[in-house]
Each structure stands twice: as structure tokens, then as C-alpha cells.
Amino acid sequence: CSDELFIRPLSLVLSAAVRKGITEAVARAFKDTRVKAVVLCGENGKFCGGADIREFAKAMSGPPLVPMIHAIEAGEKPVVAAIEEMALGGGLELALGCHYRVAHAKARLGLPEVTLGLLPAAGGTQRLPRLTGIPAALDLITTGRHISAQEALKLGIVDRVTEGNAVEAAVELALSVVGRPLAPRRLSNHATPLPADLDGVFEEVLVQVKRRARGAMAPVACAKAVRAAAELPYSRGLECERELMNTLFTSGQARALQYCFFAQRAAGKWSLPNGARWDNSRPRAVHTAGVIGLGTMGRGIAVCLVKAGISVVAVETEEKQLDSGRRAVRGMLERDAKRRGVTAPLHMITFTLSMQQLRDVDLVIEAVFEDMALKKSVFAELSRVCRPNALLCTNTSGLDVDELASVTDRPPLVVGMHFFAPAHVMKLLEVICGPRSSPETVATAMTLGKRLGKVSVAVGNCPGFVGNRMLKLYLDQAHFLLEEGASPEQVDQALEEFGFALGIFKVADLSGLDIGWRVRKAAGLIGPDVDPKFPSRHRQGRRYCPLPDLLCEQGRLGQKSGRGWYLYDSAGGKEARPDPAISSFLQEYRLRYGISARRITEQEVVERCVFVLANEGFRILEDGMAAAPEDIDMVYVFGYGWPRHRGGPMFHAAQVGLATVLQRLEFYHRQNPDIPHLQPSTLLRRLVGARSPPMQQWKQHIRSINSQL
Ligand SMILES: CC/C=C\CC(=O)SCCNC(=O)CCNC(=O)[C@H](O)C(C)(C)COP(=O)(O)OP(=O)(O)OC[C@H]1O[C@@H](n2cnc3c(N)ncnc32)[C@H](O)[C@@H]1OP(=O)(O)O
């Protein structure tokens, strides 16, 4: 209409073209005497997803965001942001520069820059604290969490929430405020409301952010920028925001986190050598699912399915297990519902001892004990019981999916779905594509994973798949380092300093040392021919470390037994304490085998553990067990506590420099010629020979296109 001007950003993100469009249109609107007020809204019902992250890697072009937002705020006509669906990052900062904000009830708002290694540097760290106060701003800016429109209303971030059309509501508001003074609506004019104990608030936040993301720079910089809003006038606060942003922007951490953003999305775009892809294979609808086995994994999987709105039939073999499984699953669902203020969907799950109850389900996820014979008998039975087109999935963590498929009447409908414990919490799902899994089956498993809130990564069918195949070698290095002179706490500390959520020995204690023990027995590494008094340090033609076996023989099984690599207060105790008994045990061991302990540096711990991961990643790429380095990285970031701000083992190798990684591996291999996995992989050598091309080009250097996917 003639008295208003609608300005529509062109896309989801504030690209150079969109910034240009907004800048020019706002200037026109402010000049045009017919225009009384301005409403900013997005295209296709989405306000704005923030700056265009892809532009960060390029030279800056188009009008910068800060002056654009400043011009809006300084304008003499009211500007109202109509927030539909989302206002994130620079999008929310743009809205904060407007004089009023109206949000649709379903909209999400947030400043997720910290998750990209950045801070809200378009005035967000200065305007938000002035609006909400310090504690709320610190929370939103240092975590990057998205909030609902209702929470935004409570915090004062939006002025109105509507169930109806947000643009119409914004127009109504805009027209109603024409002529009112704008100065009080300019957030940069506001004084920041200060909490009584300012120092205490910041100290607490710094402790929290350092605990949450070890070694990550951005959350600390975010807190510093908010502190500037508390202590400095707006313009000086803005300078501080800019300086902090400049440091972050060029950091390796920001590059790694932005890489993770795109890698996570790329992992969903799977493809198989037969031409089947994410965009040409239709997933099946899944309304009902069976879960077999209600141990730790089965319980978590059942909870995920129910929470995603899928009816579940949960099967156990004995009344006792069924009862404890039922109690555990119901408890988890009830606690979750209570947290979210909703009713627990207990009616969506039935518990039974009869496999027959699975006859009508769309898909079954088997989560029984990791034993091939047992799993085969379950799959043979499922073949008889389930309807012919039901998908059969196994939650194996490393067994041959094709061997399981071979006992069924439907190999194309068999696929691996490897969840990570606890399955209702951990974000990773490895989808194991057997050589006979059909495109539709793979598409269904990948889509189901997404529906369960997981990051699904398609991987090939080899022992341990991607994650555990690499983990084995990482763990081996840690054990060898103990033999050579390190202590578990020294290794863990180095890895935690690097950024891992937990050191490898703490992880091993948490998972239970008997798991690996069983796997080694099954692999024939432990057996009657091993001398119990003096177990060999060489098995199957390579160096072998019997330390974890010796621990298991002593009943030190980890946290659950109160003792493992660490000491715990009681069985199941959480706090890991260094155990002097382990120190003596290691000394005696070295003495017995004539190993003279040497001083091991933090650098050696990290390089050997981390480079061996990347080295195996290169072998996985060569073997065609993962389609791209991004997939390997996402497995590690979402399943193995790899620090996201280091991008993943493959990204880290590229960032350190492939030539350096090669040279360090060669060095360690020369020192340890009996550890074949320290020998640099062919692909790594070839990439270094080709002058370390960027990751997107690595595929071109894989000689035999040997994809198992
Ligand atoms: C001076 C500095 C000022 C400001 C700094 C910033 O604003 S940094 C950016 C802050 N914004 C974000 O972090 C939001 C990132 N995006 C998202 O969280 C989600 O993409 C979103 C917007 C909630 C939409 O989610 P949805 O699940 O619907 O889609 P999907 O994630 O698959 O994304 C669709 C495609 O859009 C691409 N994309 C999304 N956001 C951005 C972005 N900010 N920049 C560039 N590209 C973006 C995404 O990669 C997908 O494309 P694809 O080709 O499929 O990878």
C-alpha cells in the first residue's frame, strides 16, 4: 500500500546481495515521504538464518552488516522485524537493530555464532545485554542455543508473539507506533542492566565455558565481549567486539567449526557406487518398529524411536530382563516428558517375550549381545516372523552385516544401524551399507536416523566399520605409550588438553574393559597358547600390548567394578582417581619385559594417538569404506568426543599439514617398526607427493575407485 514499504531479503542468509538490497531499500524508504514505517521480513516465511557462512572464506564484498544495522537503528521511521520461522546470528542482530520485533509463535531465535568459532559481531554482543541483562545474554551468546518465541518474549527480545501472520502483525504494530519517539527503542542508547555480583557472574560463566568446550576460544571471547557491554559505552564495546572477532575470524578453530557445519550437512548426501544417492532413492515410511534386546543399547534405541513418534514393539527373551528393560525405558520417557512439560508417550511402546509380535512392524532393530552366532539366530527367526517387506537392521558395532544378511530371506532389506551409547543421547548413527543393501533400505535407515535427531553417516561393511576400526588403533597407541613409560593419567591429560571430552583411558573405564577383552578373544589374540605368566608382546605378526588383558584378569573391568585404569570410590563410581597400584603394576611390567621407561612428551602422546587415527582414515578412504573425509570426521566429532573446534581427524591432518603428518608418522614408525599402523598410508604419501591438495580433491588421488559403499 502506498503508506508502507515492504523490504524483502532475497534468501535465507544475509549474503552480499541481500545486504545490498536491504541497505538500498531502507535508504529509499527513509527518504520517501509517503513511507511512515518499515517492516522487514524474509522470503518464503523465513526471516533470516544469519550471515552467509560460505562468504567467510572469500574476500568481503557488498555492504558490511554493522553500518547497515546502525543505519536502520538510527533511522527516523519505525522499523519492525517480522520474525517468521527463524532469526539466527546476523539475522537476530538485524532484528535487534530494528525498533520493534514481532515473532511468530513457532519461530526460533538465537545467536549461534559461537558454534562457528565466532561471536555475534554485528553489535549483537552489545545490544542483547542492554535488552535482556547480562546473565541471559551470556547464556545465549556463549552457548549459541536457539530459543522459542515464547522464551524470547519473556526475555524481552521480542515485543509480540503471534499465532497468526507475523508480517501482518508487524505491519499493524508498525502503523500503531508511527509518531512515537524512537530514541528509547534504540538499544545502543540503553544502559546495560548490571547484576549485583558482576565479577561472580563472569567467573561462573568462564568456568562453565571452559568445562564445556576444552580449549575452544570462541565461548571465552563471547564472554569477554559481553563483559565489554557491562563496562564500556556502546561505541567502545563495539570496538572490543570487533577486535575479538578479528582474532577469532582468522583462527583455525573458526575454520574447523565452519567446516563441521557443512561436513555435517554433506554427510546426509550419501551416494552408492551403483548410482543410488540421497536425492534419487526414496526412503520407506516407518510407522512401527521392533527392538530386540533391552540392554543398554536397546533401551536407548527404543526411547529414540518413541520420541520420534514411532510405535515400538520391544522384545526380550526372559521375564526378568523384560521387566527391568520396561522399567528403564518408561523411566527415561517419563523423565524426558517431565523435562519438556508434556505427557510421556508410554502408550507407544509394548513389551513382549514373543517375536511373533513383530509380524506387522515396518522395521526391526536388533540390539542383542555382540555375538555373531546369536545375531544370526535372531536374523533367521526375524526372516520367518516379519512380513516379507520389513527392513531388518542390526545395531552391531563391528560384525559383518553381509554375513547376517545371508541368513535371511531378504539380503537387500538388511542394513547396519550402529548407535552409540547412550543411544538416546549420542548424535552419531553409522549406517552400514552391506554389499547387498538396496538403495531404498539405505535411504530408509539414513532418513530414520535424521528423524531420530542423529547425524547419519553411510559407511562400508568392514570390521569395526569406520569409527571402531580407527578407535582400535588409537587405543593401541595409548597402550603402547604406557609400556614405553607413560601413565594413564598423563595420556588422558594430553588428550583432554588437545580437546577430547575424555581421555582414552577414562573412556575405556567407562565402556568397560571386558568389551575389548572379549573382542580380542574372538579375534584369536588371546587363547590357550598365550603364556599366562609372561604373555607375548607380539601376536599375529605385530606388536601387541597385553596390559589391558592383565587388568581384566585381575578383575579390574573399569568403572563398573570400581577399578580399571583408574580407581573409583565404589563399583559404578563416577570420579576417576589415579591409582598407585597401576603405577606399580606398570613398573613391574616394564621390569619383567626389560623395557626401560622413557620420558614421554605431551606432543608424542597427541601425535601418535591422533595421527594414527588420520592415517587409518586415509586407508578407509582408499578401501572405499567411507565416501569422503568429511564423513570420517563427522563419525569422530559426533560419536567419539573428538573436539569439534579441531574439525575431525582428517581436517586436523590437513590443517597441521599432510607433509608434517607424514614426516611424524615416518619418525614414529622408524622408532617402532613392529607397529605397522604407524607406517604412513599410501594415500597420505600420494597426497603429499601431489603437494597436499585441499580435502575436496583427495578423492581424485584414490587410485583404485574401490568404493564399498
Ligand atoms: C559479522 C558477523 C555477523 C553474523 C555472523 C553470522 O550470522 S554467522 C551465521 C549464523 N547462523 C547460523 O549459524 C545458522 C546456520 N544455519 C542453521 O542453523 C540451519 O541451516 C537453519 C538456518 C536453522 C536451517 O536448518 P534446516 O535444517 O532447515 O536446513 P539446513 O541446515 O539443511 O540448511 C539448508 C541449506 O542452507 C545452507 N545454510 C544454512 N544456513 C546457512 C548460512 N548461514 N550460510 C550459508 N549457508 C547456510 C546449508 O548449508 C544447507 O545447504 P546445503 O547445500 O544443503 O549444505
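Order of listing sets the numbers, starting from 1, for every ligand and every atom in it. Residue indices begin at 1 and follow the sequence shown.
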Between Asp336 and Lys307, does any side-chain N to carboxylate O distance fall below 4.0 Å? yes
Mind jotting down which protein residues get a heavy-atom contact under 4.0 Å with ligand 1? Chain and number order, please. Leu12, Val13, Gly49, Gly50, Ala51, Asp52, Ile53, Arg54, Phe56, Leu65, Met86, Leu88, Gly89, Gly90, Glu93, Arg108, Pro112, Glu113, Leu116, Met245, Phe261, Phe262, Arg265, Lys269
Where does the angle between the aromatic ring planes of Trp642 and Tyr636 fall among parallel (under 30°), tilted (30 to 60°) and perpendicular (over 60°)? perpendicular
Between Arg28 and Glu24, is there a salt bridge with N-O shorter than 4.0 Å? no
I need the Leu65 CG to Leu94 CG distance, nearest 0.5 Å. 7.0 Å
Side chain Arg646, main chain Phe498, donor-acceptor under 3.5 Å: yes
NZ or CZ of Arg160 within 45° of Tyr100 ring axis and under 6.0 Å: no
